[in-house]
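A short write-up of the structure that comes next.
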Amino acid sequence: MKTSTSIVKKIYVALIFIFLYAPIATLIVLSFNASKTRAKWGGFTVNWYRSLIQDETILNALGTTLLIAFLSAFAASIIGTIACIAMSGMKRRNRAILMGITNIPMLNADIVTGISLMLLFISLGLKFGFGTILLSHITFNIPYVILSVLPRMKQLNPSVYEAALDLGASPVTAFFKVTLPDLMPGILSGFLMAFTMSLDDFIITHFTKGSGINTLSTKIYTEVRKGIKPEMYALSTIIFVTVLILLFLVNIAPEKKASPDSGK
Amino acid sequence: MNSKKNILAAPYAVWSAVFIVIPLCMILYYGLTDKTGAFTLENIAAIASVGHARALWRSILLSVISTIICFLLAYPLAMILAEKKGRAGGFIILLFILPMWMNFLLRTLAWQTLLEKTGVINGILSFFGLPSLRIINTSYAIVLGMVYNFLPFMVLPLYNALSKIDENVINAAKDLGANKIQTFFHVILPLSVPGIISGITMVFVPALTTFVISTLLGGSKVLLIGNVIEQEFTQASNWHLGSGLSIVLMIFIIINMIVTALFEKAEN
Amino acid sequence: MQKELIKLEHISKSFDGQMVLDDLELKIHENEFVTLLGPSGCGKTTTLRILGGFVHPDTGSVIFDGQNITNMPPNKRQLNTVFQKYALFTHMTIAENIAFGLKIKNKPKSYIEDKIQYALKLVNLEGYGKRMPDSLSGGQQQRIAIARAIVNEPKVLLLDEPLGALDLKLRQEMQYELIRMKNELGITFVYVTHDQEEALTMSDTIVVMNQGYIQQIGSPESIYNEPENAFVADFIGDSNIIAATMIEDKCVEILGTRFSCVDTGFGRSRPVDVVIRPEDVELVEPENGIITGVVTHLIFKGVHYEMEVMANGFEWLVHSTVLSPVGQKVGIRVDPFNIQIMNKPESEDEEAVALEL
């Protein structure tokens with residue numbers, strides 16, 4: 001009886017994963033499809049990977065996407081971390097207000113956030129382009145940083161900072177040598193989260209980008225009607241496989257290191 | 001010390017005022033004025049027009065259905081994952097986040113390939129002699145797209161809530177005579193309410209407001225409220241009407257938040 | 001002796017290939033306060049969980065009141081558990097927590113109401129019914145966990161380190177409370193702890209466990225005064241454990257000097273371990289001692305002085321109300337009754353235990 005329920009559980013998990021990964025498998029297959037239409041299989045080819053290297057519009061979009069993701073995640077990490085430190089010393093009511101505002105971009109619909117930023121940029125007379133996309137991405141990324149640094153901040157033992165002061169460190173030194181390293185795991189996971197969110201964003205970019213610039217998402221969206229270029233499948237396969245390998249390395253490497261201890 | 005820390009708060013306070021609060025105020029301003037700048041409720045009342053009301057109703061219906069399906073799929077899954085302690089569970093959770101690294105537009109588009117008349121799924125179905133599925137460009141395909149895209153947002157909070165439940169609390173219920181079903185309804189389900197609430201919010205809001213999934217999988221046949229708003233801004237350039245409809249959308253989001261907050265309070 | 005209530009027969013259990021319990025045999029009698037005592041990882045909690053039905057043994061059987069309950073799920077067993085860290089239902093009031101088991105059994109409302117009042121009174125928390133578990137202190141939550149278990153009128157109450165999370169003062173108070181409750185309820189308590197003092201204070205019977213084996217079963221006095229091996233001697237209180245040779249009955253050679261003792265039947269010229277409690281080592285004038293040594297350390301402990309005396313190449317731990325300053329030459333005497341002879345460990349496991357300490 002016990003084994004049969006565990007088999008049912010395994011099948012269930014497997015079905016969900018098939019559901020989640022079927023489209024990804026499809027895209028990977030399409031990236032090797034010699035036929036240009038995705039409707040039929042025209043034989044195996046790596047041509048799309050070759051022509052990808054020469055496709056400047058795709059590579060430009062990729063560059064923009066990565067640059068925006070990196071810059072916005074980086075800026076959000078700094079602003080968010082400073083905000084967390086500031087919030088720890090705030091009066092309860094002020095902190096509640098600031099946290100409430102922080103939650104707005106998380107809870108609000110992306111379309112509303114996108115539209116509202118678009119209206120702002122128009123009335124400020126800003127030229128739509130790289131800058132407006134970056135500002136928007138920083139805005140929706142800060143909450144992810146705050147929400148991952150704040151719990152870490154609460155766990156922080158204030159005595160450690162005080163001990164550093166007691167041992168002769170200036171407040172600034174104490175912060176950079178003691179507090180910041182303690183917060184680092186939270187900041188790092190916030191950065192990664194922000195990076196991912198920025199990379200995957202379409203809706204907010206759609207409203208704040210203007211013409212003449214594209215991220216991968218908006219580029220794909222414009223191609224939907226005329227048909228996606230197969231090079232796009234090739235690119236996303238490369239990105240996916242890279243992340244997959246990184247993930248396995250990160251997850252398997254520490255496991256190996258830990259094993260002699262765990263055997264004890 | 002404190003005043004110094006308050007100075008540190010300034011950058012984010014200014015940032016959030018300029019990029020979060022003021023933009024929302026602008027939506028309110030545009031939504032409540034006409035092109036001449038005069039106050040009007042017309043943009044909000046426009047939701048009552050047949051086309052808009054139908055799109056809103058369709059959005060609510062599809063997003064509620066998607067949320068329910070996500071919940072029913074995710075709860076057993078989260079329970080199974082929560083049983084796996086430590087690394088194994090954490091790794092499986094990573095597998096849920098991993099697909100996000102493949103562009104979500106492409107992932108959703110891939111469903112076109114899978115669902116098409118001569119697509120992969122119908123190929124498999126006909127191989128087994130089953131009737132073919134004709135759901136591409138229908139509401140069913142949109143629901144499928146919503147469930148596919150937002151399922152991880154339901155699984156993760158449920159997994160978090162369930163894996164936080166002390167195993168001994170469940171054992172205590174059994175110890176006091178509860179069978180599996182009683183333990184589930186009296187102990188596990190109530191203790192996972194915070195996860196259920198954030199899961200529902202995280203699925204319902206994006207499903208209610210999407211315009212991408214309906215564009216990609218619904219053809220041009222099925223318009224959702226998100227599509228209407230998007231078109232007002234990018235094609236019709238009627239920002240006042242678009243803002244007014246956005247306000248209506250926000251009202252629904254706020255209602256959802258209030259309802260879930262009340263539900264949470266009642267549970268406590 | 002009271003009637004036998006629980007019998008564990010040939011119980012073995014391993015987790016991930018690691019043996020936690022090895023062929024364990026244990027009898028528990030009606031109305032007995034039994035404590036399973038041992039360091040973490042000794043298998044005491046696993047034993048308790050096997051009794052509660054949360055862990056299924058790999059081999060062996062659990063006999064309860066003459067009935068084999070090895071395969072019975074926990075919700076059908078006439079035992080109730082007080083869990084480590086209480087495991088209260090945080091989404092229910094105190095009254096709902098206590099009523100849980102009775103509601104599951106569909107008891108009438110008035111009966112449940114009476115039981116709640118009775119249980120709250122028993123644990124000295126009358127009037128707390130409407131509060132939530134989170135609003136109670138650790139000690140109070142502990143009492144509620146007990147109340148929640150006992151309203152079901154179990155024949156046996158299993159307690160898994162129930163006082164572990166409380167501070168020292170509260171822990172001592174709760175020890176008396178538990179003894180009082182047990183006497184009032186007249187049921188069997190099976191208690192798991194790693195705290196030897198708790199075990200000595202409350203138990204009728206102590207089961208000392210280590211590495212999946214039972215080391216000794218006995219009353220608190222016999223466990224303390226007559227430890228059967230070095231592990232028990234060392235785990236329960238401070239002690240001097242010295243390798244020695246049994247010369248003949250009633251004579252043992254310790255560190256090259258012959259001491260008289262009262263033990264017989266160990267044979268002739270056999271290697272043994274002796275245990276001498278620090279309070280049983282008497283410091284006398286050097287000429288009156290069986291052996292002589294020099295005081296090397298001295299600490300004031302309040303009730304007594306703790307001294308270390310170097311004699312015949314061994315640091316003797318001594319507790320005495322009389323101070324002997326560091327550097328003083330002293331004689332050591334031990335009353336024959338206070339020399340406890342133990343067999344050397346036989347199995348490798350026991351050896352490993354002795355080495356680890």
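As a basis for the values below, the full set of heavy atoms in this structure was taken, side chains included, without hydrogen atoms, waters or symmetry mates. Throughout, protein chains are lettered first and strands after them, A, B, ... in sequence-line order, and every chain is numbered starting at 1.
With a threshold of 4.5 angstrom between heavy atoms, B/Ile27 approaches chain A through its backbone and through its side chain. When heavy atoms are compared at a cutoff of 4.5 Å, B/Tyr29 does not approach chain A at all. Contact of A/Thr242 with chain B is not made at all, since no heavy-atom distance falls under 4.5 Å. With a 4.5 angstrom heavy-atom cutoff, B/Trp239 touches chain A only via side-chain atoms. Contacts between A/Ile104 and chain B at a heavy-atom distance below 4.5 Å involve the side chain alone, from C-beta outward. Looking at B/Pro99, both its backbone and its side chain come within 4.5 Å of chain A, counting heavy atoms on both sides. Contacts between B/Thr210 and chain A at a heavy-atom distance below 4.5 Å are absent for every atom of the residue. B/Met250 touches chain A through its side chain: at least one heavy atom from C-beta onward sits under 4.5 Å away, while N, CA, C and O do not. When heavy atoms are compared at a cutoff of 4.5 Å, B/Leu114 approaches chain A solely by way of its side chain, counted from C-beta outward. In this structure, the portions of B/Leu95 lying under 4.5 Å from any heavy atom of chain A include both its backbone and its side chain. In this structure, chain A has heavy atoms under 4.5 Å from both the backbone and the side chain of B/Leu77.
Contact annotation: the side chain of B/Leu98 never approaches that of A/Ile24 to less than 4.5 Å [non-hydrogen atoms, C-beta and beyond].
Ring-plane geometry between B/Phe96 and A/Phe17 is classed as tilted, the angle between the planes lying from 30 to 60 degrees on a 0 to 90 degree scale.
With chain A as partner, the option from B/Ile80, B/Val205, B/Leu144 having the largest number of non-hydrogen pairs under 4.5 angstrom is B/Ile80. The choice from B/Pro23, B/Ala110, B/Cys25, B/Pro11 that makes the most heavy-atom pairs within less than 4.5 Å of chain A is B/Pro23. Contacts with chain A were tallied for B/Thr201, B/Asn149, B/Thr215, B/Ile121; B/Thr215 has the most, counting heavy-atom pairs under 4.5 Å.
Taking the six-membered ring for Trp, B/Phe211 and A/His206 have ring centres closer than 6.0 Å.
A side-chain donor-acceptor contact under 3.5 Å links A/Ser217 and B/Asn103.
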